Amino acid sequence: MRGVPDRGLRWLRPRPRAYGDGVPELPEVESVRRQLEPELVGRTVVAVWTDRMRRFLDVDLLAGQRFLTVGRRGKFLVCDLEGPQAPGGGRRPGATSGGHVALQVVMHLGMTGSFRFDRTDAWTRARLGLDDGRELVYRDPRRFGRIAVVPAHDHSAIPTLAALGPEPLTGDFDVEVFAGQLRRTEATVKAALLNQRLVAGVGNIYADEALWRARIHPASRRVGAARARALHAAIRDVLSESIEREGTTFRDYQMVNGESGRNADFLDAYGQADRPCRRCGTAMRRTVVAQRGTTYCPRCQRA
DNA sequence: CACGCCTCCTGTGCGC
DNA sequence: TGCGCACAGGAGGCGT
């Protein structure tokens, strides 16, 4: 819908202040997923080490498991696993008698989580030795991430995943259903976007970006049908454009190969406080909505 | 049930 | 220069 932003002009602008770190949202997690998938599918975990981070659940059960898939739901990485068949019906942890239950590993990068291979440092929180001799290393300075091994498709241990809304880039994200939910909810539209139940994978950065594009004030309540349709389209646009650029990096987010996403220079709202709105030139304003730093254009985005 | 507020966690950057 | 402190935020939990 928009032309390619003028990179030349961007050079004249100061870099957006990184008051967040480029927290992993759907585009960042999808970029990580695309890099992990070819490395992990078919590999078996032969050794597990963790630092006993409190947000880890049953990570030790990964030992002996083989990655069948590397998938994503919203901001969660969800991998199907296959355990060793238990000849003779030997009982394994988490197994029903006589067989094995299929497991999944659910991983969330929190604010500062990232994966890499064969490189540890002071912020290493988990290491998975693989049967090809390499080691998948999970790094997470602020320890907001999660790794949980759960029975396949039993996500009750991860409430947000269990109640997660539709994937925004698939046909499951129905514009009329979304509009109906936005009309009924009493919460601010930004809070509704962040809680993951109307739509999966939108966090603070892309909530501000989508609301700016749809010209909706972040603190609006009971958004009408026309604006809801514009927001539905804006969400899909900002997420898919960021995926094309492999996500937004300010500092902490990086891909498995250590590279940065290229979307940071294309943000219109997040981190743009006090700078001119790219549509109307009015100074962008920073406030707090849903307990989160929020930047919007006071002229384009009326309450 | 739905909404909103508080907590977790730690590196960073600002002010004095 | 050095110190201390406020700040950032996704999800979980709890109170209203």
Side-chain angles (χ1 to χ4, degrees), chain A residues 14-30 32 50-57 72-78 106-114 121-126 138-148 150 155-165 168 178 180-211 218-223 235 239 242 247-254 264 267 269-274 286-295:
Chain A
R15 236 184 115 61
R17 181 174 174 269
Y19 56 81
D21 296 319
V23 169
E25 304 183 27
L26 188 151
E28 292 73 34
V29 178
E30 176 61 19
V32 169
T50 80
D51 78 341
R52 302 275 151 198
M53 206 171 91
R54 81 165 62 185
R55 287 175 168 90
F56 287 162
L57 174 67
R72 179 190 57 73
R73 274 286 281 136
K75 305 173 201 173
F76 294 90
L77 290 166
V78 182
V106 177
M107 302 182 282
H108 194 295
L109 299 176
M111 291 180 65
T112 57
S114 62
D121 64 16
W123 298 278
T124 296
R125 307 304 184 197
Y138 178 66
R139 176 183 187 271
D140 189 356
R142 296 190 197 179
R143 302 177 188 264
F144 265 41
R146 295 185 131 77
I147 301 178
V150 299
H155 296 153
S156 54
I158 305 116
T160 300
L161 179 58
L164 195 62
F178 180 66
Q181 289 168 322
L182 273 185
R183 181 159 28 81
R184 282 191 300 276
T185 184
E186 301 282 347
T188 62
V189 60
K190 176 149 179 183
L193 290 182
L194 292 180
N195 81 11
Q196 307 299 302
R197 291 193 292 132
L198 302 199
V199 59
V202 176
N204 206 37
I205 295 174
Y206 300 106
D208 278 9
E209 293 300 306
L211 289 166
S220 301
R221 294 173 195 268
R222 298 176 153 298
V223 170
I235 289 167
L239 295 177
S242 184
T248 301
T249 297
F250 288 133
R251 186 172 45 235
D252 287 307
Y253 161 67
Q254 61 173 43
L267 297 178
Y270 184 88
Q272 308 300 307
D274 301 324
R286 178 170 155 82
T287 181
V288 174
V289 178
Q291 290 81 242
R292 294 291 171 254
T294 299
T295 307

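So you know, we letter chains A, B, ... as the sequences are listed, proteins then strands, and number each from 1. Every value quoted in this text rests on a predicted model; they were computed, and no experiment measured them. Atoms considered below: every heavy atom in the structure, side chains included; atoms not considered: hydrogens, waters and symmetry mates.
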Side-chain contact check for A:Phe144: nearest option of B:dC9, B:dG11, B:dC3 is B:dC9
Looking at A:Arg143, is its backbone amide N or carbonyl O close enough to the side chain of A:Arg55 to form a donor-acceptor pair, meaning the two atoms are under 3.5 Å apart? yes
Do any side-chain nitrogens or oxygens of A:Arg221 fall under 4.0 Å of OP1 or OP2 in B:dG4? yes
Can a side chain N or O of A:Gln291 be found less than 4.0 Å away from OP1 or OP2 on C:dG9? no
Can you confirm whether A:Arg73 sits close enough to A:His155 that some side-chain heavy atom of one is under 4.5 Å from a side-chain heavy atom of the other? no
Is A:Thr185 near enough to B:dC3 that one of its side-chain N or O atoms lies under 4.0 angstrom from OP1 or OP2? yes
Which nucleotide in C:dA11, B:dA2, B:dT10 has an atom nearest any side-chain atom of A:Arg197: B:dA2
Just the rounded figure in Å: distance from C1' of C:dG10 to CZ of A:Arg73. 16 Å
Proximal nucleotide (of B:dG4, C:dG10, B:dT10) relative to the A:Glu25 side chain: C:dG10
Among the candidates C:dG9, B:dC3, B:dG11, find the nucleotide nearest to the side-chain atoms of A:Pro141. B:dG11
Selection from C:dG9, C:dA8, B:dC9 that lies nearest to any side-chain heavy atom of A:Arg143: B:dC9
So does A:Arg292 get a side-chain nitrogen or oxygen closer than 4.0 Å to the phosphate oxygens (OP1/OP2) of C:dG10? yes
In whole angstroms, the gap separating C1' of C:dA11 from CG of A:Leu193 amounts to 16 Å
A:Gln196 CD to C:dG9 C1', in whole Å, measures 13 Å
Nucleotide B:dT7, atom C1' - distance to CZ of A:Arg142 in whole Å: 15 Å
No-hydrogen, no-angle side-chain donor-acceptor test under 3.5 Å, A:Asp208 and A:Tyr206: no
Any side-chain heavy atom of A:Leu194 within less than 4.5 Å of one from A:Arg292? yes
Counting only side-chain N and O atoms of A:Tyr270, is one of them less than 4.0 Å from OP1 or OP2 of C:dA8? no
Assess whether a salt bridge exists between A:Arg222 and A:Glu186, defined as any Lys/Arg side-chain N lying under 4.0 Å from an Asp/Glu carboxylate O. yes
Nearest-neighbour nucleotide for the A:Pro159 side chain, B:dT10, C:dG12, C:dA11 considered: C:dG12
Against the side chain of A:Arg55, the closest entry in B:dC8, B:dG4, B:dC3 is B:dC8
Round to the nearest Å and state the distance from A:Asp208 atom CG to C:dG10 atom P. 10 Å
Would you say A:His108 reaches C:dA11's phosphate, i.e. side-chain N/O to OP1/OP2 under 4.0 Å? yes
By the 4.0 Å heavy-atom rule, please label A:Ile158 as base, sugar-phosphate, or nothing. sugar-phosphate
